[in-house]
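The next block holds one structure in the form of structure tokens; read it before the comments.
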Amino acid sequence: MSPLITAVLVAPVAALAGAVGSGPADHEETLRLLDTGATIDAFLNGGDPSHTGDREVFRDTLVWAKDQSPAGKAEGHCTVIEASTATTTCTTVTTLQHGTITTEGVGAFVQGATSIAAITGGTGAYEGAKGHATFLFNPAALSPVTFVLSRR
């Protein structure tokens, strides 16, 4: 996925901690991945990431940070909100071996910027997950993506 989209992952997307809610989390898990880039990255409408209101659809390849073995993919869409600052809102579904994680958030696709997204759901092993994902935008190399999942 384009680093723009992965940011919302994932965003897709460093490491943060903590569960959101009124009680302690029963389980917290951190997943560290690397985004290797987009296999699909298309802009709709004006076809230009510098045009506010345009939409991007993407599919990015993910590998595990510890050994760079295949992990899955991140697929989603972003809408350019403020072209002058490369700010977008994105929804991303990350598919891993044991289920999916859905994220939504606002990201800035500027070299070295870290974006944070809310984990809004999951399936399989990630069903009932909450938390957040971070994404460090690095278009020249692998971009770190971290999920901090908490389940009650």
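Not measured: the values here are computed from a predicted model.
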Looking at [X] and [Y], what are the two nearest heavy atoms and their distance?
X: Ala117; Y: Thr103; answer: CB-CB, 4.0 Å
X: Val57; Y: His77; answer: CG1-CB, 4.1 Å
X: Leu34; Y: Gln68; answer: CD1-NE2, 3.8 Å
X: Ala71; Y: Leu96; answer: O-CD2, 3.4 Å
X: Ala108; Y: Ser115; answer: N-OG, 3.3 Å

Checklist entry - For the atom pair CZ (Arg32) and CZ (Phe147), what is the distance rounded to the nearest 0.5 Å? => result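 Rounded to the nearest 0.5 Å, the CZ-CZ separation comes out at 12.5 Å.
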Checklist entry - Looking at CG of Asp54 and SG of Cys78, how far apart are the two atoms once the value is rounded to the nearest 0.5 Å? => result 12.5 Å
Could you check whether any side-chain heavy atom of [X] comes within less than 4.5 Å of a side-chain heavy atom of [Y], counting everything from C-beta outward?
X: Tyr126; Y: Leu31; result: yes
X: Leu149; Y: Ile101; result: yes
X: Gln111; Y: Asn138; result: yes
X: Trp64; Y: Leu33; result: yes
X: Glu28; Y: Val148; result: yes

Next on the checklist: The test is side chain to side chain donor-acceptor pair (under 3.5 Å); show your working for Thr100 and Thr123 and say whether it passes.
Outcome noted: CA-CA 5 Å; Thr100 65; Thr123 64; 2.7 Å; yes
Mark yes or no for whether [X], through its side chain, and [Y], through its backbone, hold a donor-acceptor pair below 3.5 Å.
X: Thr79; Y: Arg55; result: no
X: Thr39; Y: Arg59; result: yes
X: Thr52; Y: Ala83; result: yes

Next on the checklist: Taking CD in Glu82 as the centre, count heavy atoms belonging to other residues, nucleotides or ligands within less than 6.0 Å. Is the count above 12?
Outcome noted: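 Buried by this count: over 12 neighbours within 6.0 Å.
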